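Since the structure comes first, as structure tokens, the remarks are kept for the end.
Small disclaimer: the values here were computed from a predicted structure and weren't measured. Order of the sequence lines fixes the chain letters, A, B, ..., with proteins taken first and strands second; residue numbering starts at 1 for each chain.
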2 protein chains.
Amino acid sequence: MAGTGRNGDTKVVTLSDVARLAGVSVATASKALNGRSQVAARTRARVEAAAEQLSFVPNRMAQGLLAGRTGTVGLLTSDLQGRFVIPILMGAEDAFGAGRVSVFLCDAREDTIREQHHLQALLSRRVDGLIVVGSRTDPRSTLGHDIPVPVVYVYAPSDDAGDLSLVPDNVAAGRIAVEHLVACGRRKIAHVSGDPGYAAALDRGVGVGEGLDAAGLKLVGDSMYADWSERWGRDASAVLLDRHPDIDAIVCGSDQIARGALDAVRDRGRVVPDDVAVIGFDNWEPMVEGSRPELTSIDPNLELLGRAAAQRVFAALDGDELGDGVHLQAPRLVIRGSTVPRS
Amino acid sequence: MAGTGRNGDTKVVTLSDVARLAGVSVATASKALNGRSQVAARTRARVEAAAEQLSFVPNRMAQGLLAGRTGTVGLLTSDLQGRFVIPILMGAEDAFGAGRVSVFLCDAREDTIREQHHLQALLSRRVDGLIVVGSRTDPRSTLGHDIPVPVVYVYAPSDDAGDLSLVPDNVAAGRIAVEHLVACGRRKIAHVSGDPGYAAALDRGVGVGEGLDAAGLKLVGDSMYADWSERWGRDASAVLLDRHPDIDAIVCGSDQIARGALDAVRDRGRVVPDDVAVIGFDNWEPMVEGSRPELTSIDPNLELLGRAAAQRVFAALDGDELGDGVHLQAPRLVIRGSTVPRS
DNA sequence: CTGTTAGCGCGTTCAA
DNA sequence: TTGAACGCGCTAACAG
């Protein structure tokens, strides 16, 4: 199977190579390989054998030239770390068989100029659709409506209500976190979150408030907002625990903050989860699985978001309405040892 | 600028649309837009105005059909988390202006079948080259030599010496770690690493040994290999510290292990870095910057790896030899508070 | 059943 | 200086 030459030596084989080897015209070869019915069985077999022998791979770009579709999607992101975009990419790939559609991934790095360049590049390559992934859940400026392909905004919604946006439901996430703590018997719940300039921080905070209201509880101390770091999680939790020694649970705005909270609790000689339960957001594996104990967290279900985005794009290509407005993806509670004692 | 319709309404404009609006032939329009000299200045201006007005974007796939190049690279990975592949992708993008070349990212998820599907998909889209990114530094099976485009293996080398592989120099990384600790005055150095089935673990261990030899030192206790988790870092460090209370430094096989080591040291009432210095590998930001104190680490310079890979691919397209064998990328020491006291 | 013709969007000859 | 004609690789119409 493997040739002896280096990569790049072997010339790309075309349909006409196959046709010549099989002794038929290119049209017949095309029909044979595409499973059209109007081909003699023997001829089809000859063509298929020839294609196999030459390891022929049809040029999808040439096909796309005719069909008006390239089987290609652009994923335009500014998520430097890939934390959000990778699950979304995988969800998009899953929405179809592997290889049926390929994904261009471009990182704009929060730079509008660079984003425009990438957008041009993607359109010039005639992507069938575009998925725009932000690095935070705050609205971002729309790409505009004069784009000739369907566009779906994921994670960060578009600021234009005419666009379709798919985002995690952070309010529900906050509510679910509190409901879980209450179900575990916690009554003295505190809240430490990240940068208050982020919608994610505020939305989760709103959900926390709703959850407390529903349980007839009041937050212990004030919600603490500063930044998304472990250090802040430690410092803020330390203050809260010292001022309110009766705290029996801390809702944290992210898994990193939660890790800081775990440290603060342990520094004070108290035990998680027996004395104080801790819950985070994001369900970011390296964070939640490395901690001691492992961290209960709210998973935003990003794969589902990516899968839904891809499905919407391709449904739109098939003539369906793309739809508009901001659609919320329900989160999922993942329980680990930081809220429920484990063996 | 923005149209009033929804996305997808506006038809894709072609060169002939531009030519018609400008009142010239497509050939002339093509020359005008591509900066060919044989066009009257006034004609060129008319064509450019028409292109602008219609916001014409040339179809690079049609161009590619002629040129034999698509300005497209395939990135075939099995790095589920995106830890390695994202920096490599960014390096590859940087190797050219943003948008000059676009990158298809495919995740094979350690599955050979899926990898073959993606490979076919990429070749059918006529990528100009292929970058294969593994999730560990152990050799992986070659894609073969009958691929019609240049292939570069990154992070995980190919098991075929005829292929070109670009990988981090883990032996050097281990050596540099020890050299740094020795330079900080440490003499009683222990070693905790990850899964001994990983070349990365063993290679770094070899480097640690070389560094110790060069300094005339012996490892305190045995190298501890198990897995890449924080938990293991804690447990192994605890054993070492209890059996060898004079340990003044721990070299850890990853940042996660190092975080576990930090916990173990603190649990014993000892201070990092004053009593015990700790150093990790990977320089993975959320890990190194969240810890207390921040973690000194060895950065494998993945962006440079990605950039180099992209450059090799495109140099090969321009006729240069692709080259072969395994090439090592030198790592970089990043000093933080876990080895040198900080204000 | 098969082959010929046409054309997808573009760049590059070559005549005019 | 411009435009008509050709071909990149492929598929869809038709004619044979």
Whole Å only: how far is the [atom1] atom of [X] from the [atom2] atom of [N]?
X: A:Gln38; N: D:dC14; atom1: CD; atom2: P; value: 12 Å
X: A:Leu66; N: C:dC10; atom1: CG; atom2: C1'; value: 14 Å
X: B:Asn59; N: C:dC8; atom1: CG; atom2: C1'; value: 9 Å
X: A:Arg69; N: D:dC10; atom1: CZ; atom2: C1'; value: 18 Å

Is the shortest side-chain N/O distance from A:Ser25 to OP1 or OP2 of C:dT2 below 4.0 Å?
-> no
With a 4.0 Å cut-off, would you call A:Arg140 and A:Glu115 a salt bridge?
-> yes
Would you check, one step at a time, whether the test side-chain contact (heavy atoms from CB on, under 4.5 Å) holds for A:Ile88 with A:Glu303?
-> CA-CA 5 Å; A:Ile88 288 169; A:Glu303 302 82 353; over 6 Å; no
Using heavy atoms to find the nearest nucleotide of DNA chain C for A:Ala62 and B:Gln63 separately, return the residue whose nucleotide is more 5′.
-> A:Ala62
Could you tell me whether A:Thr14 contacts a base, only the sugar-phosphate backbone, or nothing, with contacts defined as non-hydrogen atoms closer than 4.0 Å?
-> sugar-phosphate
Going by atom types alone, do B:Thr142 and B:Tyr153 pair a side-chain donor with an acceptor below 3.5 Å?
-> yes
Report the nucleotide, chosen from D:dT1, C:dC1, D:dT11, that has the shortest atom-to-atom distance to any side-chain atom of B:Thr43.
-> D:dT1
Considering only heavy side-chain atoms of B:Lys31, the closest of D:dC14, D:dC10, C:dT13 is C:dT13
